[in-house]
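First up is the structure itself, then whatever we jot down about it.
Note on naming: letters A, B, ... go to the chains in the order of the sequence lines (proteins, then strands), and numbering restarts at 1 for each one.
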Amino acid sequence: MTDATHAQRPACDPATVLDARFNRAIEAVCGRAADPQVRASGNPKFGDYQVNAAMSLAKERGTNPRALADEILKATDLAGIAAKCEVAGPGFINVTLEPAFVAARLGELSVSPTLGIPPAADPHAVVIDLCGVNVAKQMHVGHLRATIIGDSLARVFERLGRKVWRENHLGDWGLPIAMTLARLVREKADFARLTLDDLNAAYRGAQKETSTADLDAAYEFRCGPHRIAELELQYEPARAAMEHAKRTLVRLQSGDAEIVRLWERLIEVTMEQVYEAARTLNVKVGPENNRGESFYRDRLAGVVEAFAKSGLAKSDKGAMVVPFADRERPLLIQKSDGGFLYATTDLAAVRFRTYELDGSLVVYVVDARQRDHFKDVFDAARLIGWNTTKDGAESTLVHLGFGAVLGADKKPLKTRSGENFTLKDLLDEACERGTAEVMRRAADATSPTHGLPEAELRAIGAAVGIAAVKYADLSGDLTKDYVFDLDRMVAFEGDTGPYLQYAHARIASILAKSGEGADAISSAPLSLAEPAEKALALHLLRYAQMTLDVGRSLETNRVGLYLRTLAELFNAFYQACPVLKADDAATRLSRLRLCAISRTVLADGLSLYGIVAPERM
RNA sequence: GCCCCGGUAGCUCAGUUGGAUAGAGCACGCGCCUUCUAAGCGCGUGGUCGGCGGUUCGAAUCCGCCCCGGGGCGCCA
């Protein structure tokens, strides 16, 4: 997203070297610098890399593209880098790299603690709004995406060396919470023993008991006085409940010690499920990430004041709105009764995140339906100049609107009995399926997991089930809806999380059986004589660029694509090149080192998804 | 009505940001475990990339207009 990030290029990536060399040659030939357009070749018959700039440059200069490609190629110093270069097709320059050059770069990668990722150029923080639970409500499948996508992006930015804030913007404030609280008080609930189910029931009960929909409709359609009087009598309890809720809200807002204590208990009970889900999902979200709506309550009046003072907000039908030049719909920041709205809270949060948290990138991982809302909030923030860090650097505000999770019938996911699928149900089932599969395989006497303690098998099974769920979610286009089909995800065949874990376990197994020490392996000379070895090595060298690309684009699916390709290339290598039974000791050690690097990169890549890579499965 | 997001193989989806003959996985057909984990590998069948036009050396990708599906549109969050 930032130029600084974009400019970073991994030193061990051959594309970086080729880019520099061809850049120099193009400048010599054409008299000016231009992007050489270095790309990895899609087809092995076109070599390892292709340089595509000659065609567009020739068009610009009105010359023959193949002749220009020839000229550029002649001017490029590739001694020790390329084994073969040729001009092909309309003017592609196809480059086949020298295996020794690739091996040298891979050696650099293997001793890099960051796997070749250059240090972050932007010293500001990245702020990620994730999870987004509501107090007194059960977590459902929508929270799955907000949580694991946000956590994965956080992990990517941590890998890139950025300071990351995971912000759990909980819905812990406002009338609905007060209504729930009021009802629990009236019911004389035992707050010490409250469960989430109790809260949920109270929340729903409160919504229902205060509903005056029929009466409101009667007013709206100007029903006769008889009908109105009848309904008013009927809705007397609803009014009373709402009055109580409002009194409770006032006490909460004014800091009434007793009410605040009960309110905190509500949050505690709600968040316990979040922490449990986070543990199951291997997601780094805990109490330290809680910064809910209530945190911003004392800043809301200031937000409205700031917009009013700068002339950006105006009064409209008694409410305060921020109008926009390019659209009809204004942003409502204060109700006619003086109350604030979620847009007000979000504006306060934007300012806190850019200024106080010093974020030059603030990512909101919130479902796609809120696109318009965030467009308005971000535009308003830009109008008033809140998209800047403490030292005045520009902040990028991004809404990463993810698609819905659908059932097999393409409708929002429901259980068989037609109820909402809670996140817990879903994760429990995934873990069960994973465990069943691991147990089944462990029963086979020839399996590497045969005879392991049950607790260990269960841990592997849970890791496998969760990997299936997370991979299915993160490896697709985040903005699209996707069909949640446990049967398919937990099939563990093909393009799945367990497929990657399996590749990792195979590598770990080879290394364990080799009998070689880590030092002997990590210091072995690399030779990449076989095509499968070289192809694997080339892909390993692209890890750093892939990670940078994800940081720039926020497309987590690039990680999945990279890892799937890595696993495929490893499997091809595994099939074509014996490691433990290699022809000679030097080849054996070289291949072991290739295995070790593959394993490190695969495990690191899986860690970007927060997927655990077991040694055996 | 206005705005936003999608449409790629029978199904579920990729497609390295405009590159060479559009790829996987399921499913279907065939082959590979006396060799490091067969949750694997190889081969085959399967396509008007929603439609029409445009931009250019080159389009699934960019632009315009349609068709179909989904979502959102002031005092809830």
Side-chain angles (χ1 to χ4, degrees), chain A residues 37 39-43 45-46 50 52 55-56 58-59 65 88-92 94 132 134 171 173-176 293 316-321 327-337 339-343 345-346 367-373 375 401 403-404 406 408 410 437-438 441 444 446-449 464 472 475-477 479-483 485 488-489 491-496 498-503 505-514 542 545-546 549 553 555 557-558 560-562 564-565 567-568 571-572 574-582 591 595 616-617:
Chain A
Q37 301 180 43
R39 304 283 128 89
S41 294
N43 189 328
K45 81 179 181 190
F46 298 135
Q50 53 181 248
N52 298 341
M55 290 168 288
S56 44
K59 180 187 60 183
F92 297 103
N94 292 335
N134 291 309
W173 201 245
L175 191 57
E293 292 168 347
D316 183 39
K317 294 172 197 156
M320 289 298 281
V321 300
R327 73 193 84 125
E328 291 284 312
R329 147 178 54 97
L331 180 64
L332 196 55
I333 59 174
Q334 188 171 28
K335 299 193 279 187
S336 51
D337 68 2
F340 304 112
L341 297 107
Y342 77 135
T345 309
D346 278 336
D367 84 275
R369 288 174 305 184
Q370 302 210 31
R371 197 165 263 136
D372 288 347
H373 167 68
K375 180 176 171 51
L406 307 175
K410 302 248 183 173
E437 188 65 14
V438 168
R441 294 174 64 88
D444 184 338
T446 64
S447 166
T449 50
V464 167
S475 64
D477 185 337
T479 64
K480 287 191 194 172
D481 295 350
Y482 81 102
V483 174
D485 179 358
R488 183 169 48 83
M489 292 183 336
F492 306 144
E493 274 154 15
D495 186 10
T496 65
Y499 170 80
L500 302 177
Q501 290 175 312
Y502 181 67
R506 277 175 146 184
I507 306 175
S509 172
I510 293 173
L511 291 167
K513 284 186 178 173
S514 73
R542 294 185 192 121
Q545 188 60 56
M546 178 280 293
D549 289 343
S553 66
E555 292 167 357
N557 52 314
R558 287 168 185 261
L561 176 62
Y562 176 88
R564 181 166 69 250
T565 306
E568 278 166 6
N571 283 330
Y574 179 91
Q575 214 241 343
C577 305
V579 179
L580 299 179
K581 293 178 180 168
R591 287 179 181 169
C595 285
R616 282 177 285 192
M617 61 185 280

Between NZ of A/K59 and C1' of B/G19 the distance, given in whole Å, is 12 Å
note: A/N43, atom CG; B/G23, atom P; distance rounded to Å ~ 9 Å
d(A/L580 CG, A/S514 OG) to nearest 0.5 Å is 6.5 Å
Could you measure between the two [atom1] atoms, the one in [N] and the one in [M], and give it in whole Å?
N     : M     : atom1 : result
B/C26 : B/A9  : C1'   : 12 Å
B/C13 : B/G6  : P     : 15 Å
B/G23 : B/G70 : P     : 32 Å
B/G51 : B/A14 : C1'   : 24 Å
B/U56 : B/U8  : C1'   : 24 Å
B/C75 : B/G69 : C1'   : 32 Å
B/A22 : B/U48 : P     : 13 Å
B/U16 : B/U61 : C1'   : 12 Å

Expected string for nucleotides 71-77 of chain B under the B/S/- scheme (protein heavy atoms, under 4.0 Å, primed atoms plus P, OP1, OP2 as sugar-phosphate) is SS-BBSB
Taking pairs as Watson-Crick (N1-N3 plus N6-O4 or O6-N4) or G-U wobble (N1-O2 and O6-N3), each distance under 3.5 Å, the stems of three or more consecutive pairs with RNA chain B are B:1-7 with B:67-73, B:10-13 with B:23-26, B:28-32 with B:40-44, B:50-54 with B:62-66
Closer than 4.0 Å, any side-chain N/O of A/N52 to the OP1 or OP2 of B/G19? no
Next on the checklist: Can you tell me if A/R327 has over 12 outside heavy atoms packed within less than 6.0 Å of its CZ?
Outcome noted: yes
_Tell me whether the count of non-hydrogen atoms from other residues, nucleotides or ligands lying under 6.0 Å of CZ in A/R564 goes above 12._
yes
Notebook entry, point to check: How would you label the contact of A/A503 with the nucleic acid (heavy atoms, under 4.0 Å): base, sugar-phosphate, or nothing?
Noted result: nothing
What pair of heavy atoms forms the shortest contact from [X] to [Y], and how long is it?
X      : Y      : answer
A/A582 : A/P578 : CB-O, 3.6 Å
A/E568 : A/Y499 : CG-OH, 3.5 Å
A/Q501 : A/V464 : OE1-CA, 3.4 Å
A/A567 : A/A503 : CB-CB, 4.0 Å
A/L511 : A/C595 : CD2-CB, 4.1 Å

With syn defined as a glycosidic angle within 90 degrees of 0 and anti as anything else, the base of B/C33 is syn
The glycosidic conformation of B/U48, counting syn as within 90° of 0 and anti otherwise, is anti
> When you measure from the side chain of A/T565 to the backbone N and O of A/L561, does any donor-acceptor pair fall under 3.5 Å?
Replying inline: yes
**Asked** Donor-acceptor pair, A/R558 side chain versus A/M546 backbone, under 3.5 Å?
**Response** no
Would you say the side-chain atoms of A/S41 and A/N43 include a donor-acceptor pair closer than 3.5 Å?
no
key: Flag for A/N571-A/Y502: side-chain donor and acceptor within less than 3.5 Å   = no
Those residues at least two apart in sequence (or on a different chain) that pass side-chain hydrogen bond (donor to acceptor under 3.5 Å, both in side chains) with A/N52 are A/Q50
Taken in chain and number order and not counting sequence neighbours, the residues that satisfy side-chain hydrogen bond (donor to acceptor under 3.5 Å, both in side chains) with A/R542 are A/Y49
Assert: residue with more 5' nearest nucleotide on RNA chain B, out of A/N571 and A/N94, is A/N94
Does the ring of A/F92 lie flat against the base of B/A20, closer than 5.5 Å centre to centre with planes under 30°?
yes
Polar atom pairs (N or O), protein with nucleotides 33-38 of chain B, under 3.5 Å:
{"residue": "B/U35", "atom": "O2'", "partner": "A/K581", "partner atom": "NZ", "Å": "3.3"}
{"residue": "B/C36", "atom": "O3'", "partner": "A/K513", "partner atom": "NZ", "Å": "3.2"}
{"residue": "B/C36", "atom": "O2", "partner": "A/V579", "partner atom": "N", "Å": "3.4"}
{"residue": "B/C36", "atom": "O2", "partner": "A/L580", "partner atom": "N", "Å": "2.9"}
{"residue": "B/C36", "atom": "N3", "partner": "A/V579", "partner atom": "N", "Å": "3.2"}
{"residue": "B/C36", "atom": "N4", "partner": "A/Y574", "partner atom": "O", "Å": "2.2"}
{"residue": "B/C36", "atom": "N4", "partner": "A/C577", "partner atom": "O", "Å": "3.2"}
{"residue": "B/U37", "atom": "OP1", "partner": "A/S509", "partner atom": "OG", "Å": "2.7"}
{"residue": "B/U37", "atom": "OP2", "partner": "A/S509", "partner atom": "OG", "Å": "3.4"}
{"residue": "B/U37", "atom": "OP2", "partner": "A/K513", "partner atom": "NZ", "Å": "2.6"}
{"residue": "B/U37", "atom": "O2'", "partner": "A/Y502", "partner atom": "OH", "Å": "2.3"}
{"residue": "B/U37", "atom": "O2'", "partner": "A/R506", "partner atom": "NE", "Å": "2.8"}
{"residue": "B/U37", "atom": "N3", "partner": "A/M617", "partner atom": "O", "Å": "3.2"}
{"residue": "B/U37", "atom": "O4", "partner": "A/M617", "partner atom": "N", "Å": "3.2"}
{"residue": "B/A38", "atom": "OP2", "partner": "A/R506", "partner atom": "NH2", "Å": "2.6"}

inquiry  = Quiz question: going by heavy-atom distance under 3.5 Å, is there a donor-acceptor pair between the base of B/A20 and the side chain of A/Q50?
reply    = yes
Checking A/L332, A/L331, A/I333 against A/V321 for side chain to side chain contact (heavy atoms under 4.5 Å, CB included), the one that qualifies is A/L332
Protein-nucleic acid N or O pairs under 3.5 Å, nucleotides 7-16 of chain B:
{"residue": "B/G7", "atom": "OP1", "partner": "A/K480", "partner atom": "NZ", "Å": "3.2"}
{"residue": "B/U12", "atom": "OP1", "partner": "A/K410", "partner atom": "NZ", "Å": "3.1"}
{"residue": "B/U12", "atom": "O2'", "partner": "A/R488", "partner atom": "NH1", "Å": "3.1"}
{"residue": "B/U12", "atom": "O2'", "partner": "A/R488", "partner atom": "NH2", "Å": "3.1"}
{"residue": "B/C13", "atom": "OP1", "partner": "A/V483", "partner atom": "N", "Å": "3.4"}
{"residue": "B/A14", "atom": "OP1", "partner": "A/D477", "partner atom": "N", "Å": "2.5"}
{"residue": "B/A14", "atom": "OP2", "partner": "A/K480", "partner atom": "NZ", "Å": "3.0"}
{"residue": "B/A14", "atom": "O2'", "partner": "A/R564", "partner atom": "NH2", "Å": "3.4"}
{"residue": "B/G15", "atom": "OP1", "partner": "A/N557", "partner atom": "ND2", "Å": "3.0"}

